[in-house]
*Asks:* 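First, the structure itself, so that you have it in front of you.
Indexing begins at 1, ligand by ligand and atom by atom, following the structure's order.
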Amino acid sequence: MQTETRHDWSVDEIEALLDRPFNDLLFRAQQVHRAGFDPNRIQVSTLLSIKTGACSEDCGYCSQSAKHDTGLEKEKLLSVDDVVQAANAARDKGATRFCMGAAWRNPTDTNLERVIEMVQAVHELGMETCLTLGMLTEAQAERLREAGLDYYNHNLDTSPEYYGKVISTRTFQDRLETLAAVRDAGISVCSGGILGMGESRRDRASMLRELANLPRHPESVPINLLVQVEGTPLYGAEALDPLEFVRTVAVARILMPASYVRLSAGREAMSDELQALCFLAGANSIFYGERLLTSDNADEDRDRALFERLGLSFEENAEWQATAACKRRASA
Ligand code: SAM
Ligand code: DTB
Ligand code: SF4
């Protein structure tokens with residue numbers, strides 16, 4: 001089946017996809033998914049918070065904002081050794097990408113130097129590297145590319161129309177500018193959003209439109225379900241209908257056929273059946289490991305059992321596959 005890659009979607013068209021009968025929507029998403037991917041392989045990344053809490057931003061969902069009283073313990077920027085130890089453990093458990101997150105509005109150039117050492121050390125373990133550090137200048141993005149960074153995560157989070165209801169200390173346009181700096185530097189883009197923050201279906205359509213109409217689709221599109229943290233303004237937000245979450249994953253898959261769609265935060269609270277529907281809708285990557293950044297993730301044993309039940313397997317790292325193929329050739 002031919003899948004189109006378009007960058008000219010309207011919100012109405014996307015809302016019409018979200019409105020489709022559930023079975024039709026999932027069938028279409030599964031067709032698109034199968035045209036581009038092995039439907040039984042899931043890419044696995046592990047997260048580490050390298051600098052925790054005391055963030056100057058006021059994101060209404062976040063445990064790490066200094067503006068919300070969430071009781072979170074703050075932590076300064078970790079040492080390179082601590083990061084390497086965590087990355088090693090993640091690699092041993094099967095993660096192919098290591099994603100390091102910092103509670104900053106933006107990194108200073110001094111902080112960036114230590115982060116660059118972390119990127120280089122994790123790269124040497126044979127893992128893909130990902131950072132999420134807040135806003136970047138063009139020069140900082142260039143510097144990270146030179147250091148060998150593979151991915152930069154920077155979420156649009158919600159629609160441009162709803163953005164001001166969730167965050168007041170930066171604008172949607174600021175987010176787009178960082179994404180452009182990352183893309184122009186030649187780093188792969190990871191960008192998605194959070195569902196269940198009280199936004200409407202039209203907001204979800206509008207957020208997906210922003211992602212799908214970027215000059216190039218993000219290589220990775222995380223779809224997070226809000227993790228409700230006591231003390232944040234969004235604590236107590238009305239829970240999203242789980243099938244609406246699945247619909248949004250399916251539409252992300254249809255709009256961005258070649259992107260990895262990541263079933264991200266919120267898996268801990270999801271049933272196995274709901275996660276299975278998300279994989280059927282075209283999600284093909286997850287965060288694996290006991291913690292996300294500051295909150296608990298789905299248990300590793302539970303994930304392994306779920307993969308077994310669904311006949312899913314972890315996608316292997318291309319570099320390891322190449323090394324293994326090389327060794328096989330050498331011994332043949
Ligand atoms: N400070 C940087 C930034 O905001 O870009 C990087 C770290 S920030 C924690 C990374 C992303 O995590 C946010 O953009 C948001 O999409 C997601 N996130 C944070 N708290 C969340 C929550 N409670 N539930 C779901 N996703 C969340
Ligand atoms: C993304 O989209 N989700 C991850 C990652 N990118 C950095 C973060 C989820 C954070 C969930 C709340 C927490 O653990 O603090
Ligand atoms: Fe800070 Fe990022 Fe949390 Fe916003 S999402 S408060 S920028 S750590």
*Asks:* Salt-bridge test for R97 and D150: reply yes if a basic N is under 4.0 Å from a carboxylate O, no otherwise.
*Replies:*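 No salt bridge links R97 with D150.
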*Asks:* Which ligand 2 atoms does T132 reach within 4.0 Å, using its non-hydrogen atoms?
*Replies:*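 So the answer, numbered in order with elements, is 7 (C).
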*Asks:* Could you establish whether F287 and ligand 2 come within less than 4.0 Å of each other, counting only heavy atoms on the residue side?
*Replies:*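 Judged by the 4.0 Å heavy-atom criterion, F287 does count as contacting ligand 2.
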*Asks:* Starting from atom 4 (Fe) of ligand 3, find the nearest protein heavy-atom neighbour and note its residue, name and distance.
*Replies:*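 For this ligand atom, the closest protein heavy atom is C59 SG, 2.3 Å.
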*Asks:* Got a salt bridge between R170 and E177, using NZ or NE/NH1/NH2 to carboxylate O under 4.0 Å?
*Replies:*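 Salt bridge between R170 and E177, a charged N being under 4.0 Å from a carboxylate O: no.
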*Asks:* Could you tell me the residue and atom name of the protein heavy atom closest to atom 11 (C) of ligand 1, and the distance to it rounded to 0.1 Å?
*Replies:*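 Here the nearest protein heavy atom works out to N155 ND2, 3.8 Å.
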*Asks:* Identify the closest protein heavy atom to atom 15 (O) of ligand 2: which residue and atom is it, and at what distance?
*Replies:*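 Result: T294 OG1, 2.6 Å.
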*Asks:* Heavy-atom distance to atom 3 (Fe) of ligand 3: which of S49, C62, A54, S65 wins?
*Replies:*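 Looking at heavy atoms only, C62 sits closest to atom 3 (Fe) of ligand 3.
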*Asks:* Could you name the option among I194, L293, N153, D296 that has the heavy atom nearest to atom 6 (N) of ligand 2?
*Replies:*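 Going through I194, L293, N153, D296 one by one, N153 has the nearest heavy atom to atom 6 (N) of ligand 2.
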*Asks:* Among T52, V229, N224, which residue places a heavy atom closest to atom 2 (O) of ligand 2?
*Replies:*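 When every heavy atom of T52, V229, N224 is considered, N224 comes closest to atom 2 (O) of ligand 2.
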*Asks:* Considering both backbone and side-chain atoms of Q64, is one of its nitrogen or oxygen atoms within less than 3.5 Å of a nitrogen or oxygen in ligand 1?
*Replies:*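 In fact, backbone or side chain, Q64 has no N or O that close.
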*Asks:* Under 4.0 Å from a heavy atom of L47: give me the atoms of ligand 2 that qualify, with their elements.
*Replies:*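 Those of ligand 2 that fall under 4.0 Å from L47 are 4 (C), 5 (C), 7 (C).
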*Asks:* Under a 3.5 Å threshold, yes or no: a donor from one side chain and an acceptor from the other, between T169 and D58?
*Replies:*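 Yes - a donor-acceptor pair under 3.5 Å links their side chains.
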*Asks:* May I ask you to identify the nearest protein heavy atom to atom 16 (O) of ligand 1, giving residue, atom name and distance to one decimal place in Å?
*Replies:*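 The closest heavy atom on the protein side is D157 OD1, 2.6 Å.
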*Asks:* Using a 4.0 Å cut-off to any heavy atom of N155, which atoms of ligand 2 qualify?
*Replies:*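 Contacts of ligand 2 toward N155, numbered from 1: 1 (C), 2 (O).
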*Asks:* Give the atom numbers and elements of ligand 3 that come within less than 4.0 Å of a heavy atom of E57.
*Replies:*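 Under 4.0 Å from E57, ligand 3 has these atoms: 1 (Fe), 4 (Fe), 6 (S), 7 (S).
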*Asks:* Does an N or O anywhere in Y61 fall below 3.5 Å from an N or O of ligand 1?
*Replies:*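 Yes, at least one N or O pair falls under 3.5 Å.
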*Asks:* At less than 4.0 angstrom from any non-hydrogen atom of P222, what atoms of ligand 2 do you find?
*Replies:*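 Near P222, meaning under 4.0 Å from one of its heavy atoms, ligand 2 has 2 (O).
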*Asks:* Quick one: look at T232 and ligand 1, take heavy-atom pairs under 4.0 Å, and tell me if it's side chain, backbone, both or neither.
*Replies:*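 The answer is neither; T232 stays 4.0 Å or more away.
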*Asks:* Could you work out, for atom 2 (C) of ligand 1, the closest of C55, G192, G134 by heavy-atom distance?
*Replies:*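 Nearest option to atom 2 (C) of ligand 1, by heavy atoms: G134.
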*Asks:* Got a salt bridge between R302 and D299, using NZ or NE/NH1/NH2 to carboxylate O under 4.0 Å?
*Replies:*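 No.
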*Asks:* Does a side-chain heavy-atom distance below 4.5 Å link T52 with L293?
*Replies:*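 Not touching, per the 4.5 Å side-chain cut-off.
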*Asks:* Quick one: pull up CD in Q275 and CG in D303 and give me the separation to the nearest 0.5 Å.
*Replies:*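 So the CD of Q275 and the CG of D303 are separated by 6.5 Å.
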*Asks:* Check R170 against ligand 3 and report side chain, backbone, both or neither, counting heavy atoms closer than 4.0 Å.
*Replies:*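 Answer for R170: side chain.
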*Asks:* What I want to know is whether V227 and ligand 1 share at least one N or O pair that is separated by under 3.5 angstrom.
*Replies:*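 Among all N and O atoms of V227, at least one is under 3.5 Å from an N or O of ligand 1.
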*Asks:* Could you tell me if D157 and Y61 have a donor-acceptor pair between their side chains, going purely by distance under 3.5 Å?
*Replies:*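 Yes.
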*Asks:* Starting from atom 6 (C) of ligand 1, locate the nearest protein heavy atom and write down its residue, its atom name and how far away it is, to 0.1 Å.
*Replies:*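 Here the nearest protein heavy atom works out to T132 OG1, 3.1 Å.
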*Asks:* With a 4.0 Å heavy-atom cut-off (strictly under), which part of I194 contacts ligand 1: side chain, backbone, both or neither?
*Replies:*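 It is the side chain that gets close, since no backbone atom is under 4.0 Å.
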*Asks:* Distance only, no hydrogens: is a donor on one side chain within 3.5 Å (strictly under) of an acceptor on the other, for S63 and T70?
*Replies:*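 Side-chain D/A pair, S63 to T70: absent.
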*Asks:* Give a yes-or-no answer on whether the side chains of T96 and E128 include a donor-acceptor pair shorter than 3.5 Å.
*Replies:*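 No, E128 and T96 have no side-chain donor paired with an acceptor closer than 3.5 Å.
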*Asks:* Show which atoms of ligand 1 fall inside a sub-4.0 Å distance from at least one heavy-atom site of A102.
*Replies:*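 Checking each atom against A102, I get 1 (N), 2 (C), 6 (C), 7 (C).
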*Asks:* Could you go step by step and tell me if S191 and N155 meet the side-chain hydrogen bond (donor to acceptor under 3.5 Å, both in side chains) rule?
*Replies:* CA-CA 4 Å; S191 187; N155 290 337; 4.6 Å; no
*Asks:* If you measure only the distance, is there a donor-acceptor pair under 3.5 Å linking the side chains of D109 and Q140?
*Replies:*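 Side chains of D109 and Q140: pair found under 3.5 Å.
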*Asks:* Can you name the atoms of ligand 1, numbered from 1 with element, that are less than 4.0 Å from a heavy atom of A265?
*Replies:*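 Result: 25 (C).
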*Asks:* Distance under 4.0 Å to a non-hydrogen atom of R175: what atoms of ligand 1 satisfy this?
*Replies:*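 With R175 as reference, the close atoms of ligand 1 come out as 3 (C), 4 (O), 5 (O), 14 (O).
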*Asks:* If we count only N and O atoms by modelled type, under 3.5 Å, do the side chains of D203 and S206 hold a donor and an acceptor together?
*Replies:*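 Short answer, no.
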*Asks:* Atoms of ligand 1 less than 4.0 Å from L293 heavy atoms?
*Replies:*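 Those qualifying, in numeric order: 9 (C).
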*Asks:* For ligand 1, indicate whether the residue M197 contacts it via side chain, backbone, both or neither (heavy-atom separation under 4.0 Å).
*Replies:*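 Looking at M197 and ligand 1, no heavy atom falls under 4.0 Å.
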*Asks:* For atom 12 (C) of ligand 2, what's the nearest protein heavy-atom neighbour? Residue, atom name and distance, please.
*Replies:*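 Here the nearest protein heavy atom works out to S295 OG, 3.5 Å.
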*Asks:* With heavy atoms of C55 as the reference, note each atom of ligand 3 found under 4.0 Å away.
*Replies:*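 Those atoms are 1 (Fe), 6 (S), 7 (S), 8 (S).
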*Asks:* To the nearest 0.5 Å, tell me how far D19 CG sits from L25 CG.
*Replies:*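 So the CG of D19 and the CG of L25 are separated by 10.0 Å.
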*Asks:* Atoms of ligand 3 less than 4.0 Å from A103 heavy atoms?
*Replies:*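 So the answer, numbered in order with elements, is 8 (S).
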*Asks:* Checking Y288 against R304 for the side-chain hydrogen bond (donor to acceptor under 3.5 Å, both in side chains) test, could you report, in this order, the C-alpha distance in whole Å, the side-chain angles of both residues, the deciding distance, and whether it holds?
*Replies:* CA-CA 10 Å; Y288 179 67; R304 278 195 296 273; 2.6 Å; yes
*Asks:* Supply the atom-to-atom distance R262 CZ to I223 CD1, rounded to the nearest 0.5 angstrom.
*Replies:*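 One finds 11.5 Å between CZ of R262 and CD1 of I223.
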*Asks:* Less than 4.0 Å from atom 8 (S) of ligand 1, is there any heavy atom belonging to the protein?
*Replies:*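 Within 4.0 Å: no protein heavy atom nearby.
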*Asks:* Indicate yes or no for a side-chain donor-acceptor contact from R20 to the backbone of R247 under 3.5 Å, with no hydrogens or angles considered.
*Replies:*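 No, because the side chain of R20 does not come within donor-acceptor range (under 3.5 Å) of the backbone of R247.
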*Asks:* Give a yes or no on whether a salt bridge exists between E199 and R204, defined as a side-chain N under 4.0 angstrom from a carboxylate O.
*Replies:*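 Salt bridge between E199 and R204, a charged N being under 4.0 Å from a carboxylate O: yes.
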